[in-house]
Amino acid sequence: MSESPTARRRAQGQALRELREAAGKSAKDAADELECSESKIRKIELGDVPTKRAELDALLRFYEASQEDVDEVKTLAKGANQRGWWQAYRGAVPRWFRRYVGLESAAIEIRTFETELAGRSPEPSRQLSSHRAGG
């Protein structure tokens, strides 16, 4: 697993959601257990917010998670609440873009799509072929 806190928080959230669903509990049930809103449970499961240790322990008990699952989620949690390298540039990075910076640091591969390459020609495949051939 990458050391990106964003990626770890998302993986932790996904694991918690899977445990909740396997236990047959709803997000409302989990919210009632933590005495919080369903919105907070959804944000935890999406990896949008950090999870406090007490909250994590309470959810794992409530879901009756196996020791193996508890260990896995707690391992993810260790790095999930750390600050990423980009936090030093908080003022320069818009709030909506911070998640993407965190995910980029964990990425193995980044693909891009260039709409300008083929343009609006009626025969874009011929243009692509000539571009690849160096023409």
Student: Quick check: does any side chain N or O of Arg8 sit under 3.5 Å from a backbone N or O of Thr75, one acting as donor and the other as acceptor?
Tutor: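 Side chain of Arg8 to backbone of Thr75: a pair is present.
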Student: Taking atom CZ of Arg20 and atom CD1 of Ile44, what is their separation to the nearest 0.5 Å?
Tutor: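 The CZ atom of Arg20 sits 11.0 Å away from the CD1 atom of Ile44.
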Student: To the nearest 0.5 Å, what is the distance between CG (Leu76) and CG (Asp71)?
Tutor: 11.0 Å
Student: Work out which heavy atom in Tyr63 is nearest to a heavy atom in Leu16; give both atom names and the distance.
Tutor: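 For Tyr63 versus Leu16, the nearest heavy atoms are CE1-O, 3.6 Å.
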Student: According to side chain to side chain donor-acceptor pair (under 3.5 Å), who are the partners of Glu18, at least two apart in sequence or on a separate chain?
Tutor: Gln14
Student: Answer yes or no on whether Lys25 is positioned over the face of Phe62, meaning its NZ or CZ is under 6.0 Å from the six-membered ring centre and within 45° of the axis.
Tutor: yes
Student: Does Leu60 reach the side chain of Lys74, with side-chain heavy atoms less than 4.5 Å apart?
Tutor: yes
Student: Give the C-alpha distance, both sets of side-chain angles, the deciding distance and a yes or no for side-chain contact (heavy atoms from CB on, under 4.5 Å) between Arg17 and Ile41.
Tutor: CA-CA 9 Å; Arg17 183 179 62 248; Ile41 298 299; over 6 Å; no
Student: Checking Arg61 now: which residues fulfil salt bridge (charged side-chain N to carboxylate O under 4.0 Å, His left out) with it, not counting sequence neighbours?
Tutor: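 Testing Arg61 for salt bridge (charged side-chain N to carboxylate O under 4.0 Å, His left out), a comparison that skips the adjacent residues, returns none.
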Student: So how far is it from Gln12 CD to Lys78 NZ, rounded to the nearest 0.5 Å?
Tutor: 12.5 Å
Student: Would you find more than 12 non-hydrogen atoms of other residues, nucleotides or ligands less than 6.0 Å from Glu64 atom CD?
Tutor: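 Counting neighbours around CD of Glu64, 12 or fewer heavy atoms of other residues, nucleotides or ligands fall under 6.0 Å, so no.
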Student: Do any N or O atoms from the side chain of Asp29 and from the backbone of Ser26 form a donor-acceptor pair under 3.5 angstrom?
Tutor: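 Here the side-chain-to-backbone pair exists.
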Student: Could you pull out the closest heavy-atom pair between Leu59 and Ala30, with the gap in Å?
Tutor: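 In terms of heavy atoms, the two residues are closest at CD2-CB, 4.0 Å.
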Student: With rounding to the nearest 0.5 angstrom, report the OG to NZ distance, Ser37 to Lys43.
Tutor: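 Reported value, rounded in 0.5 Å steps: 7.0 Å.
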Student: When you check the gap from the basic side-chain N to the acidic O, do Lys40 and Glu55 get nearer than 4.0 Å?
Tutor: yes
